[in-house]
Asks: 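Pasting a structure here, questions to come.
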Amino acid sequence: MTAENRSAIKVALWEQEQEFETTFDLAGVGIAHVSTTGQWLRVNQKLCEIVGYSHQELIQRTFQDITYAEDLEPDLDHMQQLLAGEVQNYSLEKRCICKDDSLVWINLTVSLVHEPDGDPKYFIAIIKDISDRKRHEAELKQAKDDRDRFFTLSLDLLCVVGLDGYFKRINPAFERILGYDAAELLGKPFLEFVHPDDRAITLTEVETLATGVATLHFENRYRCQDGSYRWLDWVSVPVVEEGLAYAVAHDVTQRKQAELEIKQLNEGLEIRVKQRTAQLEAANKELESFSYSVSHDLRAPLRHIAGFVQLLKARLEPENLDETSARYVTTIVNTTKQAGVLIDDLLTFSRMGRSEMHTIAFSLAELLKEVKREIDLDVGDRVIQWKIHSLPVVQGDPSMLRLVLRNLLENAAKYTRLCEKTEIEIGSFDHPDEMIFFVRDNGIGFDMRYVDKLFGIFQRLHVGTQFEGTGIGLANVQRIIHRHGGRVWAEGVVDRGATFYFSLPKSRTGSPAGLLISDY
């Protein structure tokens with residue numbers, strides 16, 4: 001071989017060595033030469049990056065130094081097999097201890113390089129960082145363990161069902177709630193356990209699952225091992241490509257029984273309310289008829305009494321009547337007149353519940369002017385300071401609402417009689433569903449403890465010797481407003497005045513409306 005050929009061979013070998021060196025150092029995986037005793041002989045940059053040591057730090061250590069203790073024995077066993085010629089190479093996964101004491105998972109592939117005479121020279125190790133993969137596997141395993149634990153311990157029924165109509169997997173809750181063991185359920189179509197009345201809807205839902213709908217929610221009844229049925233509330237999620245659906249069912253039997261009991265109670269209550277309402281209506285009609293008849297029939301005798309007393313008084317000349325007798329006659333006349341007023345009020349009250357309403361739109365302000373003129377005439381020389389605010393157009397029965405205003409204004413004038421300065425205020429304010437009206441005075445007021453008595457028939461909070469009245473006026477006010485669909489209430493303070501309120505519901509256009517409804 002010429003010198004020129006030898007030189008060319010040396011150049012080629014040098015180039016190959018340089019190429020190997022570059023590949024060794026720049027490889028994307030860790031590469032190392034390790035002595036048969038475990039000493040690092042040569043390492044590349046990637047391996048240094050994996051374990052966190054510099055090149056100089058690593059070659060001063062053995063592979064045993066950075067191998068996690070629990071993973072060392074399998075590695076040594078495989079090395080002995082290589083040295084004994086039992087295997088040509090081996091591959092395993094293990095943990096290495098990094099410079100910062102953290103652990104890194106690696107995939108290790110090892111081969112043995114021999115001397116020309118066949119003796120072992122060193123190991124070549126290929127190291128790949130698989131920490132991310134192992135972490136992902138651990139997370140998946142943990143999730144699977146958690147899922148299995150939840151599947152086993154869940155109080156609800158959990159199952160995997162096939163779109164072929166069979167259970168594939170069930171949890172222990174099926175046995176606890178329905179009484180079946182797994183073999184009894186897994187070997188038969190699940191429709192066989194569904195209540196006959198619920199099979200059609202269950203089959204429809206299963207067919208819907210096959211279309212890939214995201215989730216499904218429905219209820220049905222399942223037959224228990226003892227022959228009874230329990231209501232189950234199902235939520236299912238299909239995996240069409242696997243031909244499966246994952247489902248959870250909550251036992252809602254108690255809720256269903258409670259709903260049924262409430263429904264039956266409501267139906268029974270509705271029947272009883274209708275019966276009671278009919279009885280009350282009949283009783284009220286009888287009472288109204290009775291009060292009307294009694295009031296009507298009493299008017300004639302009272303007129304006779306009043307007339308004959310007047311005749312008697314005229315027949316007996318004043319000089320023939322002593323003072324006591326004259327007082328007796330006067331008392332009889334006044335009492336008869338008072339009884340007549342009471343009877344007239346009773347007739348008005350009874351007629352108010354029987355008369356037909358004639359609802360129209362009209363100006364409440366104009367109606368108030370008419371009533372105020374009548375009150376001014378009644379009070380005579382008394383000076384009343386009226387404060388009247390703007391009032392809206394309302395819908396209702398004018399004659400009935402006139403009686404409401406008349407009663408409220410009469411009361412305000414009556415119970416301010418002892419005031420040095422009489423003030424009466426009338427106004428309104430708007431609410432979303434109703435218009436509220438008020439009549440306020442500065443009179444003697446009343447104790448709020450007895451406010452519930454104000455609107456009852458014959459209920460009076462002040463003695464008749466001081467303030468005349470029959471106790472029917474406010475009862476009439478309440479009856480009229482209730483017939484219009486409104487409400488009445490009052491506020492008062494003793495010796496500091498009172499305010500009476502009534503409301504009228506608004507029509508769809510937003511104005512107060514009178515509604516033709518029953519009193520009861």
Asks: In terms of side-chain geometry, is the basic nitrogen of Arg135 or Glu139 positioned less than 4.0 Å from the acidic oxygen of its partner?
Replies: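 Looking at Glu139 together with Arg135, the answer is no, because their closest N to O distance does not fall below 4.0 Å.
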Asks: Quick test of your reading of the model: are Asp430 and Lys506 salt-bridged, counting only N-O distances below 4.0 Å?
Replies: yes
Asks: Report yes or no: do Gln39 and Thr37 form a side-chain donor-acceptor pair below 3.5 Å?
Replies: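 The answer is no; no qualifying pair exists.
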Asks: Drop me the distance from Ile130's CD1 to Glu137's CD, to the nearest 0.5 angstrom.
Replies: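 Going from CD1 on Ile130 over to CD on Glu137, the span is 7.5 Å.
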Asks: Among side-chain atoms of Ser131 and Asp129, is any donor-acceptor pair under 3.5 angstrom?
Replies: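 Yes, a side-chain donor-acceptor pair sits under 3.5 Å.
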Asks: Just checking, any donor-acceptor pair under 3.5 angstrom between side chains of His250 and Asp233?
Replies: no
Asks: For Glu423, is there an ion pair with Arg440 - N to carboxylate O distance below 4.0 angstrom?
Replies: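 Salt bridge flag = no for Glu423 with Arg440.
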Asks: Answer yes or no: is there an ion pair linking Glu184 with Lys188, defined by an N-O contact shorter than 4.0 Å?
Replies: no
Asks: Under a plain distance cut-off of 3.5 Å, with no hydrogens placed, do Trp234 and Asn220 share a side-chain donor-acceptor pair?
Replies: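 A donor-acceptor contact under 3.5 Å links the two side chains.
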Asks: Salt bridge or not between Lys134 and Glu93? Use side-chain N to carboxylate O under 4.0 Å.
Replies: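 Yes, this pair counts.
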Asks: Report the distance from atom CG of Leu368 to atom CG of Leu401, rounding to the nearest 0.5 Å.
Replies: 12.0 Å
Asks: Got a salt bridge between Arg255 and Glu219, using NZ or NE/NH1/NH2 to carboxylate O under 4.0 Å?
Replies: yes
Asks: Can you find a side-chain donor-acceptor pair between Glu205 and Thr208 that sits under 3.5 Å?
Replies: no
Asks: Salt bridge check: are Glu57 and Lys99 linked by an N-O gap of less than 4.0 Å?
Replies: yes
Asks: Are Tyr180 and Phe193 an aromatic pair by the rule of ring centers under 6.0 Å?
Replies: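 Yes; Phe193 has its ring centre under 6.0 Å from that of Tyr180.
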Asks: Using 30° and 60° as the class boundaries, would you call the ring planes of Tyr501 and Trp489 parallel, tilted or perpendicular?
Replies: parallel
Asks: Would you mind telling me which of Thr359, Asn476, Val477, Ile480 makes a side-chain contact (heavy atoms from CB on, under 4.5 Å) with Met400?
Replies: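 Looking at Thr359, Asn476, Val477, Ile480, the match for Met400 under the side-chain contact (heavy atoms from CB on, under 4.5 Å) is Ile480.
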Asks: For the residue pair Phe174 and Phe167, does the interplanar ring angle fall in the parallel (under 30°), tilted (30 to 60°) or perpendicular (over 60°) class?
Replies: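 Geometry flag for Phe167 against Phe174: perpendicular rings.
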Asks: Donor-acceptor pair, Asp164 side chain versus Gly243 backbone, under 3.5 Å?
Replies: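 Not confirmed, Asp164 side chain does not pair with Gly243 backbone.
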